[in-house]
Structure formats: C-alpha cells, structure tokens
Amino acid sequence: MNNYFYFFLFFIFALVLSAGLLFFVILIRYRRVKIGDKCMVYECGVDPLTENARESYSIRFYLLTLVFIIFEVETVFLFPWAVIYDQLKLFGFIEMSIFLAILIFGYIYAWRSKALEFRREIE
Amino acid sequence: MSNSLAADLIIPIIKIIIVGLFPLIMVMVMVWLERRVVAFIQLRLGPNRVGFQGILQPIVDAIKLFFKEDITHTGVDKVLFNISPVLVLFSSILAFCFIPLGGTMQIGTYNLNFWVAESPVGLLLIIGISSISVFGVIFGGWSSNSKYPLLGALRSVVQILSYEIPVAFSVLSIIFFSQSMNMIDIVNRQKDAGIWYGFMLPVSFVIFWISVVAETNRAPFDLPEAESELVAGFHTEYSGIKFAYFYMAEYAHMVLASSLAVVLFFGGWLPPFPNVAALSFLHVIPGFVWYLLKIMFFLYLFIWIRGTFPRYRFDELVRLAWKWLIPLSLLNILVIAFVRSFA
C-alpha cells in the first residue's frame, strides 16, 4: 500500500499519543482552587512590573531571522541540485556557483551591516 | 484475502505503535542514564534507590508529574499555552516515521521492514517535521505573558534557526554521494560504497554534530534555559504534565538527532565493515541491535559533552553559527561539488 497512507496513520497515532496523554492527565490530575498569588507571573518573587510582558525586544532577533529565511529558501534549491549532480557535472557546478555567489554577496552585506553581530560594540 | 490484510494493515499498525512508542521509551532510558552519568562525572552517585541502580526513577518521576497540580496563571493566552507542549512532543515523535530502525528481515515469505514509511524526500521531510518544534517553543514563550519565557523563547528560536542552516548544508554533502533523499537508499549506498559517510566526510559530520547539539538546546549550548539568568527559559511558567511534555520532547529530539547521525553518517543498521567477508558473522546480529548500539553511543556522547564543556555566551553562540559554521559548511559543499565534477 502507499507509503503516505502509513505516514498518515502514523500522523494520527502521534497526534493521539501526544494530545491524548494530555487529556488523560487533565482528568486525573490534582485540582485545587486558584487563589491569591499562586496565579501570579513568576518574576523572582517580586510583583510583576507590567501587566503585559510582551512589550519590546531586541531588533537583532528579528534581523537574524530575516537572514535565516534567505538562507533556508536557498537551501531548498540546493537539495534537488545535489540529487542529480552526477548528471549535471561541470554545468551544475558553474550554475550553482553563480547562484551561491549571489547568496554570498548578500551574506557579506549582512555581515558588514552588523546584522550577525549580537554584542553592542564598545565605542 | 486475509493474508494480504494482515500484511497491508495489521502488521503496519503494530509497527506504527512500536515506532511511535520507541522515542518515549528511549526518553525514559535517557533520563535515567543522564542523571547517573552526569553524577558519576561529578563524583556523585545519582539516583540509585528506585529499582535496580535507580532504573525505575524516570517512571516514578513521570507519575509524580502526572498527578502534580497544573497551574495556568493570569494573563495567559490559553489556546497557545496548551497547544505548544503538544506541538513540541508531536513533532519529535512524527519525525521517526521515516527513520529506518533496522534492515529488512525475512519471516517466511513476508519481508518485515523496520521502518513505517519510506519516501523519496524522506530526509527533507524529517528536517522539516522536526523544525515544527520551533513553533511550540515560540508559542509557549509568548503565550506565558512573563518576561523570562519570552526572552528564553526568542533566544531559543534564533538558536534553532541559526543552527538549522549548517545542519542542512552538512546533510547536503551526503546527498552528493547517495544521490537520493530516501533514508533507506542512503544506508544501502553506504553498504555499496563499503565505507560509512562519517569517515568519508569527517568535516560534514563535525559540523552536523555541533549544530545538532545546539539545535536540541543541550549543554554547552543550553542558552534558552540558562538556569543562572533565565530561570528555565521558555517553559518557566509550565508545571505538572505540560512541563513533562517539554522535558520529554527535548530528549526525544536528542534520540532523533542521534538517529539521524547514525543513519546518515554511520551506516544505520549495518554492522561494521559490511562487505568484509571475514566479518560476515556480524550479520547474524539483527540490524536493529546495531542501530540501537550506535544511537546509544551518540546519546552517551550528548551526556559526555554536557559533563565536559562550560556553557557558551549568547553572542559567542550566534557568532559560532553565523561566522564559522555557515561559511565552513558552504565551503565544504563547494569543495565536494568541485571534486565530484572532475572525479
């Protein structure tokens, strides 16, 4: 039978296993009334400074993730290239070198514009 | 009719259940092994009371966590808060679908395969499926409405994403030689080549292993849960069973990572030197045992690394990925492609 049918069965089994265990435990777990400071957000015992913690974060996380997307999309193109590489030989090598050169150009740009830097330089 | 039903449906379903439970069983073994081995490295004894040498300790811990109170505090995004532990564990179990746990065994006329499914793009699917856990991490950290989980999740996402690229590139260098992304074909090609790819491409393997240790958030790269600064990272606010989910998922990802290392670089279910006639008696031992021995070695390596190296700083970690491993792995691919086009 089709392999993807077994994958589908496995998908359902994994889902039932992981979600079902959670439901089962929710039925048998220890329950108590939620009172007072127990429901407070953990902040080393101090009252939380703000109601909402999702305020602002460093731009560097965002920049790195953007660079990641470029690389990852490009990796997807590399995989089929590698599979049929022996048929392409030198043609494949030159063509992919051009493709990678464009990527490396962008990579150097990201490096020079300090998108890969996580530490603020001391000036 | 009944015979084909058994071959097409019943045996695969039994296989699916065994393969689905396999990572969870390995998680239990690993929890015990890690606590014992790290204890011995640090000249302690570790858990040795429950059962023989403390072997039942993980089961007792699991039961304790099942019955523990599960707190959902104020300001939580409830849907994401509950989905994220399931998502993390689910993705790590699902990826085992395409991993061959052993070769083909002939029982009568039936060929018993030790894998659930094979796919021509199996390797790509495994990498893709295991990356779904990033969503679990970011959902968990963001929905907690607390500062430590949010910071831990951001770090974790950047770390997992950064090290995803070297993993993909180092895996790519194997495809040049196997010319297939089917996991079973990759192992068979290693048999034909007479050498495991790990010895043929040592640079790729070293890059792969460093990146995989970072991707599973293990020491020395366990920045997302750096206890001394972020309490417990993205799962600070989780308790009871949901905490256990994250814990299990981390270990299941380790099992997955070592399975990938074994299948791609160290010949999967093959015994050592599969083509040498003098060592053919090693084929008597079933492939699953070889696979298990090999992944136990790599799982032990995880613990060994944890017990040996001090933790990285976050900017060092990002620098290692982006300024060392990515250029190195790109260069590695170009060199392999260049050599291959003239070979």
Side-chain angles (χ1 to χ4, degrees), chain A residues 1 3-4 6-7 9-11 13-15 17-19 21-22 25-26 28-32 34 38-44 48 51-54 57-58 60-61 64-65 67-68 71-72 75-76 78-79 82-86 88-90 92-93 96-97 100 104 107 111 116-119, chain B residues 8 12-13 16-17 19-20 66-71 73-75 85-86 89-90 93-94 97 116-119 124 142 145-148 150 154 157-158 161-162 164-165 168-169 172 175-176 179-181 231 236-237 240-242 245 314-315 318-319 322-323 326 330 333-334 337-338 340-341:
Chain A
M1 218 180 270
N3 273 305
Y4 290 104
Y6 296 136
F7 174 66
L9 284 184
F10 193 80
F11 182 91
F13 178 71
L15 199 64
L17 190 69
S18 46
L21 188 64
L22 188 65
V25 171
I26 282 172
I28 62 163
R29 72 175 171 191
Y30 182 70
R31 257 176 256 250
R32 201 192 260 171
K34 286 171 180 155
K38 193 205 270 177
C39 295
M40 206 163 72
V41 169
Y42 180 79
E43 223 157 277
C44 299
E51 279 282 297
N52 193 352
R54 303 155 190 146
Y57 55 86
S58 173
R60 288 165 199 288
F61 292 110
L64 268 185
T65 320
V67 183
F68 161 77
F71 267 90
E72 194 69 355
T75 318
V76 173
L78 285 180
F79 271 91
V83 172
I84 55 163
Y85 187 74
D86 272 14
L88 299 175
K89 288 277 179 189
L90 199 60
F93 180 71
M96 201 41 89
S97 299
L100 283 178
I104 290 168
Y107 175 68
W111 189 320
L116 313 179
E117 215 71 53
F118 235 86
R119 200 173 168 193
Chain B
D8 279 348
I13 283 174
I16 284 166
I17 291 168
V19 174
F66 284 0
F67 285 102
K68 256 193 153 181
E69 190 182 1
D70 178 13
I71 302 167
H73 54 278
T74 50
V86 177
L89 187 67
F90 170 67
I93 294 174
L94 188 63
C97 185
V116 172
E118 63 175 307
S119 161
L124 213 54
W142 187 82
N145 189 27
S146 174
K147 290 177 188 67
Y148 295 116
L150 185 65
L154 287 171
V157 167
V158 162
L161 295 187
S162 300
E164 189 86 33
I165 303 164
F169 281 165
L172 192 68
I175 297 172
F176 282 109
Q179 286 161 26
S180 168
M181 286 189 265
V231 191
T236 303
E237 299 288 358
I241 177 67
K242 288 174 197 155
Y245 262 62
F314 193 68
D315 63 307
V318 171
R319 196 177 61 208
W322 286 96
K323 298 196 171 172
I326 289 176
L330 259 175
I333 285 174
L334 283 177
F338 186 71
R340 189 104 182 130
S341 67

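Lettering follows sequence order; numbering is per chain, from 1. Computation of the quantities below employed the complete heavy-atom set of this structure, encompassing side-chain atoms and omitting hydrogens, waters and symmetry-equivalent molecules.
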Student: Assign the ring pair B:Phe90 / A:Phe11 to parallel, tilted or perpendicular, where the plane angle (0 to 90°) is split at 30° and 60°.
Tutor: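 If you compare the ring of B:Phe90 with that of A:Phe11, the planes turn out perpendicular.
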Student: Any heavy-atom pair between the side chains of B:Leu172 and A:Phe79 that's under 4.5 Å?
Tutor: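 With C-beta onward as the side chain, the pair touches.
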Student: Just jot down the side-chain hydrogen bond (donor to acceptor under 3.5 Å, both in side chains) partners of B:Lys68, sequence neighbours excluded, or say none.
Tutor: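 B:Lys68 satisfies side-chain hydrogen bond (donor to acceptor under 3.5 Å, both in side chains) with no other residue.
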Student: Name the option with the most non-hydrogen atom pairs under 4.5 Å to chain A; the candidates are B:Ile333, B:Asn145, B:Val86, B:Val318.
Tutor: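 When all of B:Ile333, B:Asn145, B:Val86, B:Val318 are compared, B:Asn145 has the most.
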Student: Pick from B:Pro12, B:Ala337, B:Ala168, B:Pro85: which one has the most heavy-atom pairs with chain A under 4.5 Å?
Tutor: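 Heavy-atom pair counts peak at B:Ala337.
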Student: Working note: B:Leu94 + A:Phe7, criterion side chain to side chain contact (heavy atoms under 4.5 Å, CB included); need CA distance, chi angles, decisive distance, verdict.
Tutor: CA-CA 9 Å; B:Leu94 188 63; A:Phe7 174 66; 4.1 Å; yes
Student: My understanding is that only residues two or more places apart in sequence, or in another chain, count here; which of them pass side-chain hydrogen bond (donor to acceptor under 3.5 Å, both in side chains) with A:Thr75?
Tutor: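 Per chain and number, A:Thr75 pairs via side-chain hydrogen bond (donor to acceptor under 3.5 Å, both in side chains) with no residue.
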Student: Between B:Leu330, B:Val116, B:Val19, which shows the greatest number of heavy-atom pairs under 4.5 Å with chain A?
Tutor: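 Option with the greatest count: B:Val116.
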Student: Say whether, by atom type as modelled, one donor and one acceptor occur between the side chain of A:Asn3 and the main chain of B:Glu118 under 3.5 angstrom.
Tutor: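 The answer is yes, because a donor-acceptor pair under 3.5 Å joins these two groups.
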Student: With no hydrogens and no angle check, is any side-chain donor or acceptor of A:Tyr4 less than 3.5 Å from a backbone partner on B:Ser119?
Tutor: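 Side chain of A:Tyr4 to backbone of B:Ser119, a donor-acceptor pair under 3.5 Å: no, none is there.
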Student: Of the listed residues (B:Val157, B:Ile17, B:Leu124), which shares the most heavy-atom pairs with chain A below a 4.5 Å separation?
Tutor: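 That would be B:Ile17.
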Student: Taking the side chain as C-beta and beyond, is there a heavy-atom pair between B:Leu161 and A:Leu64 under 4.5 Å?
Tutor: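 Side-chain contact under 4.5 Å: no.
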Student: Taking side chain as everything from C-beta outward and backbone as N, CA, C, O, which of these in A:Phe61 sits under 4.5 Å from a heavy atom of chain B? Side chain, backbone, both or neither.
Tutor: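 Backbone plus side chain of A:Phe61, per the 4.5 Å heavy-atom cut-off to chain B.
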Student: Contact part of A:Leu88 toward chain B, heavy-atom cut-off under 4.5 Å: side chain, backbone, both or neither?
Tutor: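 Neither part.
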Student: Tell me, for A:Val67 versus chain B, whether the close heavy atoms (under 4.5 Å) come from the side chain, the backbone, both or neither.
Tutor: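 Looking at A:Val67, backbone and side chain both touch chain B.
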Student: Output the option from B:Ser180, B:Gly20, B:Cys97, B:Ser162 having the highest count of non-hydrogen pairs under 4.5 Å with chain A.
Tutor: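 Counting heavy-atom pairs under 4.5 Å, the top option is B:Cys97.
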Student: Contact part of A:Phe13 toward chain B, heavy-atom cut-off under 4.5 Å: side chain, backbone, both or neither?
Tutor: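 The side chain, not the backbone.
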Student: Heavy-atom distance under 4.5 Å to chain B: side chain of A:Leu21, backbone, both or neither?
Tutor: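 Contact with chain B is through both the backbone and side chain of A:Leu21.
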Student: Can you tell which part of A:Tyr85 gets under 4.5 Å to a heavy atom of chain B, answering side chain, backbone, both or neither?
Tutor: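 Looking at A:Tyr85, just its side chain touches chain B.
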Student: Given a strict heavy-atom distance threshold of 4.5 Å, which part of B:Ile13 is in contact with chain A: side chain, backbone, both, or neither?
Tutor: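 Only the side chain of B:Ile13 comes within 4.5 Å of chain A.
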Student: May I ask you to test the B:Trp322-A:Trp111 pair for a side-chain heavy-atom distance under 4.5 Å?
Tutor: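 Side-chain contact under 4.5 Å: no.
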Student: In the structure I gave you, are the side-chain heavy atoms of A:Met96 and B:Leu334 within less than 4.5 Å of one another anywhere?
Tutor: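 Of all side-chain heavy-atom pairs linking B:Leu334 with A:Met96, none is under 4.5 Å.
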Student: Test A:Val25 against every option in B:Phe67, B:Tyr245, B:Phe66 by the side chain to side chain contact (heavy atoms under 4.5 Å, CB included) rule and name the one that passes.
Tutor: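 It is B:Phe66; the other options fail the test.
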